[in-house]
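Encoded as structure tokens, the structure appears first; notes follow it.
In this chain, numbering begins with 1 at the start of the sequence shown.
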Amino acid sequence: MRETQAQMRTCDYDVIVVGGGISGLLSALALGKHGKRVLLLEKGRHFGGNCNSYRVDGFQVDTGPHAITNLQKGPLRVLMDKYFDYIPNFVDYGRYYVRTSGGIKPIPSNLREFATFDPLPRMDRLMLSQAMTKALTLATFGTDMSKESIYSWLPRNLSEDTYSFVDTISYFLSGKSMKETSVYRVLYGSSFVRDSMMYEAREPTIPTLPATPNQLTEQLTNIPYQLAGQLTNIPYQLAGQLTNITTLSRLVTNRNTHVQAYPAGGLKTLTNSVLYSLPDNVVIRTDTCVKRILVDDEGACGISTDDTSYSAKTIVYSGFAKDLPLMIDDLPADYRCDLKMIDQSKSLCIWLGLSQKLKEFDYMGSEVWYKEKAYWAMPISNYSRTIAPAGKQLVGFMFVVEGSVKSETARAWDTIHNVFPGIDRFIEMTHNQVTIPEKASVTVDGYIPDVRTPVANLYLVGTDAAAESMGITRAAYSVVDLLKCMSEDGCLG
Ligand SMILES: Cc1cc2nc3c(=O)[nH]c(=O)nc-3n(C[C@H](O)[C@H](O)[C@H](O)COP(=O)(O)OP(=O)(O)OC[C@H]3O[C@@H](n4cnc5c(N)ncnc54)[C@H](O)[C@@H]3O)c2cc1C
């Protein structure tokens, strides 16, 4: 237990949360429900960060196409069940497809499906299956795969198409090529190792809430939750009984893969659910950029903005960990060096508002194109009638940006035109977003900081403070870790 005098002194707040993306909001919600006086400051005009939606010419775009993973037993589900007064209504995600010149085909989610995945040559499929089985076997029995690149695991004599396919999957799992992406990311970011298994280790550590139930909670637990029926019918019973052996068997038996979903009404519904659930002891502000994290002999003790400062016993930082050295003067030199090693990638999302529903996008889920400039596309208006005007369609195409945004945008449009000749006739709205999807990519050489920092009373949350899973689920993992660490450090009692 790390109890300091700072926790005893009089402060403006118990906790200041820097940043109002999903990780900052989830932290503020959980800490508020534990009775902490919380101040959350967001530099942008809106809360949600990369987890939001907004209207453009009658269409409701998200901050990038999103599939929310592991809602069966992952960290987000646990946080929702424990702290949310309002739980979003989720729609089952559907499937992942690969688009070829002949149309779309489901991407295999287990080895049996992989055996018949004919866009890739048969020999390649066989060799890839062997490589995957070996990697999973080693990972299952404890070998650290975080420093092994995907490329280093591939046989050397695969066809160009197969390398291109694996490279594309790597890019969409980590934002990086197969030479940079770690095997760990594929195993723990794809369907082969369930988040529920990773979550097992954390579950007992979430502290119990004080016994003052929010009156709304009971009424709202009965709101229709579309996934509930499907979730209870999943044939693969993991809860509480996962062993290494059952994990291996999933290579053959897994049909359902992760339970993935999309929030009906758009991504903002998730952010709004957190906002609506915040108790009165949580104060939130937009348009407030935190410039400095203040530190005294006891550790972090407050923050300052351009025109004011606030003191607090604990600071939870959800901005880029990479930026911490700009906010605190005397971080230990080795920690500064580590933070410099954080790897990131940039994405371009092109939203197309279409004047009618096209048969090419008549599916639930998303598609990948792995030739030329690869994309990941998702027709999000198929999930909810409110996302596009009646009879119209909204599709988001996500590309990884490695060169200049201008040249990558031009290449992205070339791909869209090559794959869907004539699509221009139907486009009535386009909207581009350039973003950093995750604050730290899970690469072979990249650094992922811990939730605990070398500065007492300063914690990190967000996608650069956890390595497991992806995106929002990954951010939720960091919040679960935060609660565990603060509880161990005596800051939650
Ligand atoms: C194109 C795209 C596709 C994606 N696809 C998926 C997907 O399919 N599934 C999935 O789960 N995830 C996906 N993600 C990722 C997911 O949206 C993010 O990982 C997640 O929302 C990140 O949350 P966060 O809280 O860690 O960070 P952020 O959303 O970056 O939030 C950080 C917040 O802190 C604020 N801030 C930073 N510094 C300061 C400061 N000094 N003072 C005040 N405020 C500050 C920022 O303004 C921001 O609002 C995708 C993201 C993109 C962009």
Side-chain angles (χ1 to χ4, degrees), residues 52-67 91 93-107 117-119 161 164-165 167-169 171-172 175 262 265-267 345-435 437:
N52 217 337
S53 323
Y54 51 93
R55 293 239 154 229
V56 182
D57 297 340
F59 294 86
Q60 182 184 289
V61 302
D62 288 336
T63 39
H66 275 70
V91 182
Y93 185 71
R95 281 212 70 150
Y96 291 87
Y97 298 92
V98 64
R99 186 170 289 279
T100 66
S101 47
I104 55 170
K105 280 194 172 267
I107 293 184
F117 184 60
D118 56 19
D161 256 12
S164 179
F165 177 76
D167 216 21
T168 299
I169 300 297
Y171 272 114
F172 290 107
Y262 179 78
L267 201 53
S345 66
K346 210 185 266 178
S347 75
L348 162 71
C349 181
I350 299 182
W351 289 100
L352 301 184
L354 303 172
S355 56
Q356 64 183 67
K357 293 179 183 169
L358 300 186
K359 66 174 180 351
E360 284 85 347
F361 303 117
D362 184 18
Y363 60 84
M364 302 290 273
S366 54
E367 64 176 80
V368 161
W369 174 258
Y370 63 96
K371 303 187 178 178
E372 303 138 19
K373 178 126 189 85
Y375 68 66
W376 177 48
M378 184 174 161
I380 66 166
S381 55
N382 292 359
Y383 293 90
S384 185
R385 273 184 303 162
T386 57
I387 288 174
K392 302 188 179 183
Q393 199 164 38
L394 179 64
V395 189
F397 289 80
M398 180 184 154
F399 301 84
V400 173
V401 175
E402 289 184 307
S404 79
V405 172
K406 194 172 169 201
S407 66
E408 295 282 59
T409 308
R411 285 184 64 206
W413 273 107
D414 284 347
T415 299
I416 293 175
H417 287 138
N418 287 345
V419 181
F420 304 102
I423 196 167
D424 282 350
R425 278 184 294 136
F426 304 102
I427 299 177
E428 60 176 49
M429 182 283 287
T430 67
H431 178 69
N432 290 9
Q433 298 160 335
V434 177
T435 26

Here's a test for you: under ring pair (Phe, Tyr, Trp, His ring centres under 6.0 Å), which of Tyr97, Tyr96, Tyr383 qualifies with Tyr363? Tyr97

Separation between [atom1] of [X] and [atom2] of [Y], rounded to the nearest 0.5 Å:
X	Y	atom1	atom2	answer
Phe165	Asp161	CZ	CG	10.5 Å
Phe397	Ile350	CZ	CD1	8.5 Å
Arg411	Asn418	CZ	CG	11.5 Å
Ser366	Ile104	OG	CD1	10.0 Å
Ile423	Ile416	CD1	CD1	7.0 Å
Glu402	Ser347	CD	OG	12.0 Å

If you measure from the Lys or Arg side-chain nitrogens to the Asp or Glu carboxylate oxygens, is any gap between Lys392 and Glu428 under 4.0 Å?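 Salt bridge present between Lys392 and Glu428.
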
Salt-bridge criterion met for Lys373 and Glu408 (N-O under 4.0 Å): yes

Residue pairs meeting salt bridge (charged side-chain N to carboxylate O under 4.0 Å, His left out), one or both in residues 356-367, sequence neighbours left out, come to Arg99-Glu367

[Y] ring center within less than 6.0 Å of [X] ring center:
X	Y	answer
Phe361	Phe420	yes
Tyr375	Tyr171	no
Tyr93	Tyr262	no

If every non-hydrogen atom of [X] is compared with every non-hydrogen atom of [Y], which pair is closest and at what distance?
X	Y	answer
Gln393	Leu358	OE1-N, 2.8 Å
Gly266	Ser53	C-OG, 3.8 Å
Val395	Ala377	CG1-CB, 4.4 Å
Gln433	Gly64	OE1-N, 3.1 Å
Pro379	Gly365	CD-O, 3.5 Å
Pro65	Gly396	CG-O, 4.1 Å

Tell me, do [X] and [Y] make a side-chain contact under 4.5 Å, heavy atoms counted?
X	Y	result
Phe117	Pro106	no
Trp351	Val56	no
Leu267	Tyr54	no
Gln356	Phe426	yes
Leu354	Ile427	yes
Leu348	Met398	no
Trp369	Phe399	no
Val400	Lys346	no

Please check this pair: side chain of [X] against backbone of [Y], looking for a donor-acceptor N/O pair closer than 3.5 Å.
X	Y	value
Ser381	Ala388	no
Thr100	Gly103	yes
Arg95	Met364	no

Checking side-chain contact (heavy atoms from CB on, under 4.5 Å) for the pair Val419/Lys371: CA distance, chi angles, key distance, verdict? CA-CA 10 Å; Val419 181; Lys371 303 187 178 178; over 6 Å; no

Can Thr63 and Asn52 be counted as having a side-chain donor-acceptor contact under 3.5 angstrom? no

Do Asp57 and His431 pair up side chain to side chain, a donor and an acceptor below 3.5 Å, judged on atom types alone?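 No - no donor-acceptor pair under 3.5 Å links their side chains.
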
